[in-house]
Structure formats: structure tokens, C-alpha cells
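The figures here come from the full heavy-atom set of this structure, side chains too, leaving out hydrogens, waters and symmetry mates. Letters A, B, ... are given to chains in the order of the sequence lines, protein chains preceding strands, and every chain is numbered from 1.
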Amino acid sequence: MNKTPPTAEPEKLPNFVLEIVERDVATGKNDGKVMTRFPPEPNGYLHIGHAKSICLNFGLTQAVPGAVCNLRFDDTNPSVEEDEYVRAIQEDIRWLGFDWNGRLYFASDYFEKLYAIAEKLTLEGKAYVDSQSLEEIREGRGSFYKPGRVSPFRDRSAAENLDLLRRMRAGEFPDGAHVLRAKIDMESPNQNMRDPVMYRIKREHHHRTGDAWCIYPMYDFAHGYSDAFEGVTHSVCSLEFENHRPLYDWFLDQVPFHPRPQQIEFARLNLTYTELSKRKLRQLVENKVVAGWDDPRMPTLAGLRRRGFTPEAIRAFCDRIGVSKRNSFVDVSLLEHAVREDLNARCRRAMGVLRPLRVVLENYPEDQADAFEAPWFPEDVSRGGRRLPFGRVLFIDREDFAETPPKGWFRLSPGTEVRLRYACLIKCERVIKDTLGQVVELRCTWDPESRGGNPKDGRKVKGTLHWVSEKHSTAAEVRLYDRLYKTEHPGEESGDSMADLNGASLETVSARLEPALASAPVGDRLQLERVGYFCVDPDSRQGALVLNRTIGLKDSWAAKQPK
RNA sequence: UCCGGCGUCGUCUAAUGGCAGGACAGCGGAUUUUGGUUCCGCUUAUUGGGGUUCGAAUCCCUACGCCGGAACCA
């Protein structure tokens, strides 16, 4: 029997980021202060990969006394950023169970301070205005194998550069006419150091600053300083920024800051059968492959929430996958395990039939009306229950009947007897088919001496089926979700994950549920016994319930069957 | 061909010069009015080669493999 207490947070794995932080605290670096930040660009919804970063950054504040974590929107590219995303991101972080405690920042709040630094660097001869075209700049930057070539504008005087920069800001030049570049090293083997662009002219409405600016700072220039302005000590980002660290440090070297932030890189999450590229996820939404960012098939937090995942399950998953520098693919079954583990401990059990098959009990009197007691939590009957109305006509799941049963079949088949959970034993006498040969109804008999499920004579049956009474049951639309992609690594073969979409990722069925479920509120989670975990979708209306299957139960019978 | 990073069970991850451990997955078994849960058990790993050392997954050298990098994106 299941004695599992309500979900407990599992032990966190040790990880190298936490080790660095703890060492820095121990050695008194930054006067013992620890500040991290989670810096999303508001250009899409957060997904399970972001959850890993959130759990790391905010989780550090729970592991290290006095540590804090900021939420900072990295909104330096107005072309792609929107307020909708700012709101959704905050909602998702809160839902996940974390709080930035008012430490909410925007890179765009620093535009004035960043610009001041740009002027300072320009004045000091560490930055210059380049008037080459985009193509010329790209060409001049060289390649993996070819060193860069200096721009013909690289030696403009500080005064001329400052004048041009001010006029850039003032809007005197068209988009693309000039950029501000850091003067570093065009021959560096690290291409990020080959005079990176600091500002570009871009006449685009910004979601917060509106039209106040026509020049916008680039990530590399803005990020480290934004960290420094806030007092961030440990700036955790993903592996693809490793090559940017020398540049991060170079910018910080030009202005004294205490504490001085340190960039630390870790491997972002990859999940099998899952796409976690924001660009690709946006494509799914824009191409209407899914119903929206919160489609329950999406790996977004909004999607997982609507699917019925709990924040506890996602946190437990993140704690369990660890943090390292190895790029890896986590098996999606680990996520599924975390979800089942949490849902198993918290969900009440109920009965519902996904694909109803009519069962008529020929020896059950028309006017008889039994009802059977059933606990909501079979493993803790003290938590209450309900009565299941019974009758002459019932529904069982089509999957629980086989006219010619395979080896090892415990369920119903002609001439065999099974238990209806909490009710009684029934035996299949006859199969009724339509003109196409499809089974449309089963004629059965019940054993009146087996009320509650145990026969008087003590005979055993192998199978126990879920059921509902036709007359009393309530109808529901049930949405069954499968993996969005049919391959373990979507896009691996063709280069485009769209090619590996699972066309059957959503199946909608007309189910019948036990009557007590008719009033289940939106968001309610439950287990349909023998079937899976479900939650009530916001699309539900009075009398028209919509259920999402969060995840099926483990099914060792189905797993063993030949495909 | 350049720069940076990474190589531990099928997968993810521990070990910080001293018994290669855990989780998931898989496979058995027990219990079970959910083919669920729970419990018990089992299989499986240090990329190769050299070196240092009483002792190496760990340090050094070397080879190989994988990932990232050539936006006025982040």
C-alpha cells in the first residue's frame, strides 16, 4: 500500500555553481554578498529549460543565507520584445514558486547610464563610430580562420567620435548609417573581441521606452554593466556565452565596480522528444501547429501548467537533473516520472470511461438502483469518499474488452468474469455487433452476491475494471496528449524539427465520468483510476466539462504487448 | 584549418588522489479490488594510449570524439 506522505522536496544535488558561490562566501569575496539574476528577454514564453535556470538562480538564495536573486528583463532589442511576454514571464516564475521580492529590473531602465559609459569609453579612445555598411563590418571581422581587418574609420579622433555618437543618439542619421564599436583587437582569435558593436541605430518602438531612443545597446555591452549596476555577484548563463566571457570582463575592466560580477556558464537543458528553442516554439504558435503558447503539448511553463503539471513536480525534476557543463539530453521519462510521483501523492481517485462501451446486465432488474461506497483516496480511507450509482446499463472502456483475448489478458472477454471496481463481479455472456461487425454492446450478467466486489464463495478474478452507470454518468470532452514530436531528437535528421512533428499528438474523445465529477472546478487535478492523471481545462463550461490528460499511468501490460 | 568548452552505466548525475554511488529507464519477484502504488532484487559506466604516484575517473602529456562560436540577436 502507498504510504507516501505529501510530496517532499528532494535533496538538491551538489553542483559546481553552488560550489563557486560557497567558496566565494567562505573567502569573503564581495564582502560575502551573493546576488544572482534571471535575465529573460521578453520575446516569448518561458519553458522547462528556463525553469532549470530559475531553479538554479533563485534556488541559490535558499541554499546561501542572505543571497538574493533579481528578475531582470533583457530588453535591448525592441524589434522582438512585447509587454505580453513581460507579464507572462512574471506569472510563470511566480507559479513555479519563486519570488524576486520586488527586485524587478529592466535593462531598458539603464539606457541612460549605459549611454554615459559609451560616451566615457569614446572619450577615452576605447570606442569609435564606424560608418561602414553591415556587410563591410562583417567582412572586416574575418572568420574562424582569418584575422579581422581594421576599419578605415577606426582612427577617428575622440572628439569626432563623440560628436558622431551624440548625433546618432539625436537621430541625425538613418538606421544602419553608423554603429559604435569597442576598440579592442581585430586580430583576436576570439571573434567576440574583434571590435564588437556596442550600439546600433534602430528606429523601433520599445515596449517600455517608447520612441525615446533610436540607438539601442547590444547584449555584450549592456549585460555585464546591467549586472554591475544591480550588484550582481554571480552572473549565471548558458554555455554558448563562454566565448563572450573575455568581452564581458573587458567591458567591466573599463569601469570600476564593487562588487564586480563574475560570469559562470552551465549547460542548458535539452529534453528528448522536445523542442526547446524559443524560435521554434514561436513557429509552432505562429503556424498554428498548436493552439497557443499555453497549448498543453508545449514545453512552456504555461503549457505544462495547463496540461496539469505541478510546480512541485517541475522543481523536483530540476533538482534531480543537476547542473553541469556537459551538454546532454535528459530523457523526458525523468520529467514524466517526477510528474507521476507528485500527482500520485496528491490526486484523488475517480472513475471515468474514455471510450465507452455499453454493458447491459441482463439479470439486473430494470427498476433496481444500487450505489456503492468508494473512497477518494483508497490508501487513506479517512479522507472521505462518495457513492457510485449503479444500474442495469453501464459503460466500460472499449480497451477493457477483447473478443479474442491475447495471452495474459485479465480483462473482459466472452465467457469470462471480471470485477467492476467497488461494485460487483460481471460475466460476459454475449457480444452484440453492428452490420459492420463492430462490437456495440456487451450482454452480461452480474453476481448479486458480490456486492462491493468480493463474491460470497471467495472465487478470484484477475481483472478489475473501472466503469460508470450510463444513466448517472456525466459527459466530458477529454483531450489526450501525446509527444509533440515522434523522434527522440527532433530535427536531427532533416535539420528541421517541424519534419518530425507527431501528427497524432492530440486526440479528443467523448468520455463518460462518474457523476461526482460534474462539478469539478477548473484546474482541479485527479486520477482516473487505471487510466491516468487529468485536470480540468479552462475551456470547461457548466455541464460541459473538458479534461486534459496530464499523463497516463505507467502501463506494464501495454509495454509488454507486441506493437 | 582557428578559438573556447566537454568526455563516468542506455540516459542524467555523484566522487575533488583512497571501496566508482544515486536517480530514471530496463529486467525479475512480493503485495495489491488501479496490469497503478509500495517493497525487494538484478543487469550496466570512468573515450584510447602513455606518464606521475604506494594508490588516478580525478594530476600531466598525447590521440580521438562531441558541442559551441564567423547578427547592427540574446
**OP:** Confirm from the modelled atom types if A:E379 and B:U38 form a donor-acceptor pair under 3.5 Å, side chain to base only.
**Re:** no

**OP:** State whether the distance check finds a donor on one side and an acceptor on the other, under 3.5 Å, for side chain A:R349 versus base B:U34.
**Re:** yes

**OP:** Would you mind checking if A:K456 and A:D447 are paired as a salt bridge, meaning a charged N to carboxylate O distance below 4.0 Å?
**Re:** no

Original post:
Is B:A70 in the syn range, within 90° of 0, or in the anti range?
Top reply: anti

Original post:
Nearest to the side chain of A:N77, which nucleotide is it out of B:A25, B:A74, B:U34?
Top reply: B:A74

**OP:** For A:E82, look at atom CD and say whether over 12 heavy atoms of other residues, nucleotides or ligands are found less than 6.0 Å away.
**Re:** yes

Original post:
Of all residues at least two apart in sequence or in a different chain, which pass the ring pair (Phe, Tyr, Trp, His ring centres under 6.0 Å) check with A:Y45?
Top reply: A:Y85, A:W293

Original post:
What interatomic distance, in whole Å, is found between P of B:C67 and the corresponding atom of B:C60?
Top reply: 25 Å

Original post:
Starting at NZ of A:K554 and ending at C1' of B:U32, how long is that distance when rounded to a whole Å?
Top reply: 15 Å

Original post:
Can you tell which of B:G35, B:G4, B:U13 lies closest to the side chain of A:E242?
Top reply: B:G4

Original post:
Is it true that atom CD of A:E493 has more than 12 heavy atoms of other residues, nucleotides or ligands lying nearer than 6.0 Å?
Top reply: no

**OP:** For B:G55 versus B:A20, give the span between their P atoms, rounded off to a whole number of Å.
**Re:** 16 Å

**OP:** Report which part of the nucleic acid A:Y199 touches: base, sugar-phosphate, or nothing (heavy-atom distance under 4.0 Å, all strands).
**Re:** nothing

Subject >> P atoms of B:G18 and B:C59, separation to the nearest Å >> reply: 11 Å

**OP:** Report the residues that fulfil side chain to side chain contact (heavy atoms under 4.5 Å, CB included) with A:E373, sequence neighbours left out, ordered by chain and then residue number.
**Re:** A:R387

**OP:** Scan A:S450 against the nucleic acid and name what it touches under 4.0 Å (heavy atoms): base, sugar-phosphate only, or nothing.
**Re:** nothing

Subject >> Nearest-angstrom distance, P atom, B:U32 to B:A15 >> reply: 42 Å

**OP:** Between B:C24, B:C73, B:C12, spot the one nearest the side chain of A:S333, thanks.
**Re:** B:C24

Original post:
Would a line drawn from the ring center of A:Y128 to the ring center of A:F153 be shorter than 6.0 Å?
Top reply: no

Original post:
Taking the P atom of each, how far is B:A57 from B:C19, in whole Å?
Top reply: 10 Å

Original post:
Rounded to whole angstrom units, what separation is found between the CE atom of A:M186 and the P atom of B:C2?
Top reply: 20 Å

Subject >> Separation of atom CZ in A:R194 from atom P in B:A71, rounded to whole Å >> reply: 11 Å

Original post:
Between B:G35, B:C72, B:G5, which nucleotide has the shortest distance from any of its atoms to the side chain of A:F410?
Top reply: B:G35

**OP:** May I ask you to say what A:P14 touches in the nucleic acid, namely base, sugar-phosphate or nothing, with a heavy-atom cut-off under 4.0 Å?
**Re:** sugar-phosphate

Original post:
Sequence neighbours excluded, which residues qualify as side chain to side chain contact (heavy atoms under 4.5 Å, CB included) partners of A:L18?
Top reply: A:N15, A:E22, A:L60, A:A63, A:V64

**OP:** Rounded off to whole Å, could you give me the CG-to-P distance for the A:L553 and B:U38 pair?
**Re:** 11 Å

**OP:** Using heavy atoms to find the nearest nucleotide of RNA chain B for A:S556 and A:V323 separately, return the residue whose nucleotide is more 5′.
**Re:** A:V323

**OP:** Return the value, rounded to whole Å, for the distance between atom CZ of A:F16 and atom C1' of B:A14.
**Re:** 15 Å

**OP:** For B:G7 versus B:U47, give the span between their P atoms, rounded off to a whole number of Å.
**Re:** 9 Å

**OP:** Starting from the 5' end of RNA chain B, give me the residue, A:Y533 or A:N454, whose nearest nucleotide shows up first.
**Re:** A:N454

Original post:
Of the nucleotides B:C24, B:A74, B:G35, which one has an atom closest to the side chain of A:L334?
Top reply: B:C24

Original post:
Which part of the nucleic acid, if any, lies within reach of A:S324 when heavy atoms closer than 4.0 Å are counted: base, sugar-phosphate only, or nothing?
Top reply: sugar-phosphate

**OP:** Could I get the full list of side chain to side chain contact (heavy atoms under 4.5 Å, CB included) partners for A:D380, not counting sequence neighbours?
**Re:** A:F377, A:S382, A:R383

Pick out the pairs of N or O atoms, protein on one side and nucleotides 41-46 of chain B on the other, that lie under 3.5 Å.
none

Original post:
May A:Y219 be described as stacking on the base of B:A74, applying a 5.5 Å centroid limit and a 30° limit on plane angle?
Top reply: no

Original post:
Can you tell me how far P in B:U58 sits from the matching atom in B:G17, rounded to whole Å?
Top reply: 12 Å

Nucleotide N/O to protein N/O under 3.5 Å, stretch nucleotides 67-70 of chain B:
unit_1 : atom_1 : unit_2 : atom_2 : d
B:C67  : O2'    : A:N327 : ND2    : 2.5
B:G68  : N2     : A:N243 : OD1    : 3.4
B:G68  : N2     : A:N243 : ND2    : 2.7
B:A70  : O4'    : A:Q191 : OE1    : 3.1
B:A70  : O4'    : A:Q191 : NE2    : 3.3

Original post:
Cation-pi between A:R208 and A:F106: NZ/CZ under 6.0 Å from ring centre and within 45° of the ring axis?
Top reply: yes

Original post:
Heavy atoms under 4.0 Å, any strand shown: does A:T272 hit a base, just sugar-phosphate, or nothing?
Top reply: nothing

**OP:** Could you tell me whether the side chain of A:R530 has a donor or acceptor atom within less than 3.5 Å of a complementary atom in the base of B:G35?
**Re:** no

**OP:** For A:K202 and B:C73, give me the distance from atom NZ to atom C1', rounded to whole Å.
**Re:** 8 Å

**OP:** State the dot-bracket string of RNA chain B. Criteria: Watson-Crick or G-U wobble, both atom distances under 3.5 angstrom; notation: ( ) intrastrand, [ ] crossing earlier pairs, | interstrand, . unpaired.
**Re:** .((((((..((((....[..)))).(((((.......)))))....(((((..]....))))))))))).....

**OP:** Using only side-chain N and O atoms of A:R200, determine if any of them is under 4.0 Å from OP1 or OP2 of B:A74.
**Re:** yes

Original post:
Which residues satisfy the ring pair (Phe, Tyr, Trp, His ring centres under 6.0 Å) test with A:H466, sequence neighbours excluded?
Top reply: none

Original post:
Taking only residues two or more places apart in sequence, or in another chain, which ones meet A:F111 in a ring pair (Phe, Tyr, Trp, His ring centres under 6.0 Å)?
Top reply: A:H206, A:W213, A:Y216

**OP:** Please measure how far the C1' atom in B:U44 lies from the corresponding atom in B:A23, and state the result in whole Å.
**Re:** 15 Å

Original post:
Does the ring of A:F395 carry A:R512 above it, NZ/CZ under 6.0 angstrom from centre and within 45° of its axis?
Top reply: no

**OP:** Enumerate the residue pairs fulfilling ring-ring contact (aromatic ring centres under 6.0 Å, His included) with a member in residues 319-341 of chain A, sequence neighbours excluded, ordered by first and then second residue.
**Re:** A:F329-A:H489

Original post:
What residues form a side chain to side chain contact (heavy atoms under 4.5 Å, CB included) with A:V150, not counting sequence neighbours?
Top reply: A:R154, A:M186

**OP:** Round to the nearest Å and state the distance from A:K52 atom NZ to B:C12 atom P.
**Re:** 11 Å

Original post:
Could you give the CD-to-P distance, from A:E135 to B:C72, as a whole number of Å?
Top reply: 10 Å

**OP:** Would you please name every residue forming a ring pair (Phe, Tyr, Trp, His ring centres under 6.0 Å) with A:F241, sequence neighbours left out?
**Re:** A:Y219, A:H244

